[in-house]
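Okay, so here's the structure we're looking at.
Because only heavy atoms are used, hydrogens play no part in the values below, and waters and symmetry mates are left out as well, while side chains stay in. Order of appearance sets the numbers: ligands from 1, and atoms from 1 within every ligand.
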Amino acid sequence: MIQVVIVRIADYSTEAQTVHSLTSTLPLPVQSKLGKISNPVNRTRSAIGELLSSWALSRFKGIKPGEAVISYGKNGKPFLESHPDIHFNISHSGEYVVCAVADHEVGIDVERVRAYNHRVAERFFSKAELADLEALEGENRLNYFFVLWTIKESYLKALGRGLTKSLSSFTVAGNGDGYYISENSETLNYSVKSLVLPGGYYLAVCIKGFSAEVLVNSITLSEISEHLSAGI
Ligand SMILES: CC(C)(COP(=O)(O)OP(=O)(O)OC[C@H]1O[C@@H](n2cnc3c(N)ncnc32)[C@H](O)[C@@H]1OP(=O)(O)O)[C@@H](O)C(=O)NCCC(=O)NCCS
């Protein structure tokens, strides 16, 4: 099962102070990573992702904020060195910060739907994905671009390989029931779910294994703050 937690923030600058005061509950390597982000909105957004994952790991896996030891893989994917059987991943775009927590390798991606350049699809999508996309028109094509983009990104994030793996080396396709990922005509042992979020966003979550029950939880920054402050 994947627990997906979603927080929607209308204005990051009004949350900066609350967020800043909570960052002392985060592991030191995480505080140090945040300290290196110079743009205040990016820093606040990134910090909310960290607080969200800290809350989710505590709520769903019983890992208290002080117990989590976070390390980073060679392409930057954060993981729990202290709890190798528990996996999480974070994504942020526009008003949303999201996090997935699971018992298997997991990746999550959220993107705001916006005008896209078709050359990006020609360059990064597989031939089969491009054909599926080009069979659609107008808004359906735009939406499907972001369905594919978020699923592809969530798979790369589950692998933790970032862009060291070519985006066109694997194919995402629908089967009427949902989406699956294949490579060289073989279906991969990863499950994906695609969700639409209010305000014009797509979210995709990808987990290793053939079944993925996804539970979606919306939470506010005040609830995160209450929970984490109690643990200080
Ligand atoms: C870093 C990357 C993993 C995702 O970047 P992104 O989509 O810009 O950012 P997201 O908001 O989804 O995710 C960022 C979070 O993922 C996590 N992360 C960082 N490196 C990661 C990796 N190698 N694997 C998985 N997760 C990673 C971190 O928690 C990071 O949060 P932070 O930036 O606050 O530290 C990387 O794959 C990338 O740069 N992708 C480029 C996007 C692209 O061209 N996509 C084309 C799709 S068709």
Side-chain angles (χ1 to χ4, degrees), residues 4-7 9 12 19 23 26-27 29-54 56-57 68 70-80 87-102 104-114 116-130 132-133 142-172 179 181 190 192 194-195 197 201-208:
V4 168
V5 195
I6 295 174
V7 62
I9 306 288
Y12 287 92
V19 169
T23 52
L26 295 169
V30 173
Q31 292 187 38
S32 142
K33 187 204 75 172
L34 292 172
K36 291 179 191 141
I37 305 174
S38 53
N39 178 296
V41 169
N42 291 346
R43 188 170 56 244
T44 303
R45 189 186 277 128
S46 194
I48 293 171
E50 303 296 349
L51 295 168
L52 188 59
S53 62
S54 179
L57 289 167
I70 308 278
S71 286
Y72 297 90
K74 88 171 173 307
N75 296 298
K77 181 173 182 176
F79 67 95
L80 274 169
H87 301 261
F88 73 100
N89 198 228
I90 298 165
S91 181
H92 26 67
S93 173
E95 294 176 14
Y96 284 99
V97 182
V98 300
C99 168
V101 171
H104 302 279
E105 202 175 80
V106 71
I108 192 165
D109 191 49
V110 62
E111 294 290 339
R112 185 169 57 81
V113 175
R114 56 204 186 269
Y116 83 97
N117 183 341
H118 196 64
R119 265 177 287 174
V120 172
E122 288 168 343
R123 177 158 174 218
F124 293 114
F125 288 1
S126 72
K127 284 200 176 92
E129 289 168 337
L130 194 59
D132 287 348
L133 185 70
L142 176 67
N143 287 333
Y144 195 56
F145 173 86
F146 283 98
V147 168
L148 288 178
W149 175 299
T150 50
I151 294 177
K152 287 176 85 64
E153 189 72 27
S154 71
Y155 172 56
L156 287 186
K157 293 183 74 183
L159 296 179
R161 287 187 48 185
L163 295 175
T164 64
K165 179 168 176 63
S166 148
L167 281 159
S168 57
S169 63
F170 61 94
T171 291
V172 173
Y179 298 93
I181 308 175
Y190 282 82
V192 285
S194 173
L195 307 173
L197 300 185
Y201 290 76
Y202 277 96
L203 179 155
V205 60
C206 175
I207 188 167
K208 190 169 188 180

Discussion item. If we only consider heavy atoms of Tyr72, is any one of them less than 4.0 Å away from an atom in ligand 1?
Written reply: no
Worksheet item: With backbone taken as N, CA, C and O and side chain as the heavy atoms from C-beta onward, which portion of Ser91 lies under 4.0 Å from ligand 1: side chain, backbone, both, or neither?
Response: both
Worksheet item: Hey, is the main chain of Leu167 close enough, under 3.5 Å, to the side chain of Lys152 for a donor-acceptor pair?
Response: yes
Worksheet item: Do any non-hydrogen protein atoms sit less than 4.0 Å from atom 1 (C) of ligand 1?
Response: no
Discussion item. Check contact between His92 and ligand 1, using heavy atoms of the residue and a distance below 4.0 angstrom.
Written reply: yes
Discussion item. Let's go through Ile6 and Leu203 carefully: what are the C-alpha distance in whole Å and the side-chain angles of both, what is the deciding distance for side-chain contact (heavy atoms from CB on, under 4.5 Å) to 0.1 Å, and is it a yes or a no?
Written reply: CA-CA 10 Å; Ile6 295 174; Leu203 179 155; 4.1 Å; yes
Worksheet entry | No-hydrogen, no-angle side-chain donor-acceptor test under 3.5 Å, Tyr190 and Glu105 | yes
Practice prompt. Output yes when the distance from some N or O of ligand 1 to some N or O of Glu50 is under 3.5 Å, and no in every other case.
Written response: no
Discussion item. Could you check whether any heavy atom of Gly49 sits closer than 4.0 Å to an atom of ligand 1, since that is the contact criterion I want to use?
Written reply: no
Discussion item. At under 4.0 Å between heavy atoms, is it the side chain or the backbone of Arg45 that contacts ligand 1, or both, or neither?
Written reply: neither
Worksheet item: Do any N/O atoms on Arg161 end up under 3.5 angstrom from N/O atoms on ligand 1?
Response: no
Fill in: Sub-4.0 Å heavy-atom approach of Gly107 to ligand 1
no
Practice prompt. Verify the contact flag for atom 40 (N) of ligand 1, where contact means a protein heavy atom under 4.0 Å away.
Written response: yes
Response to the item:
Going by the 4.0 angstrom heavy-atom rule, the piece of Asn89 near ligand 1 is side chain
Worksheet item: Using a heavy-atom cut-off of under 4.0 Å, does the side chain or the backbone of Leu148 touch ligand 1, or both, or neither?
Response: neither
Worksheet item: Heavy-atom distance from atom 30 (C) of ligand 1 to the protein below 4.0 Å?
Response: no
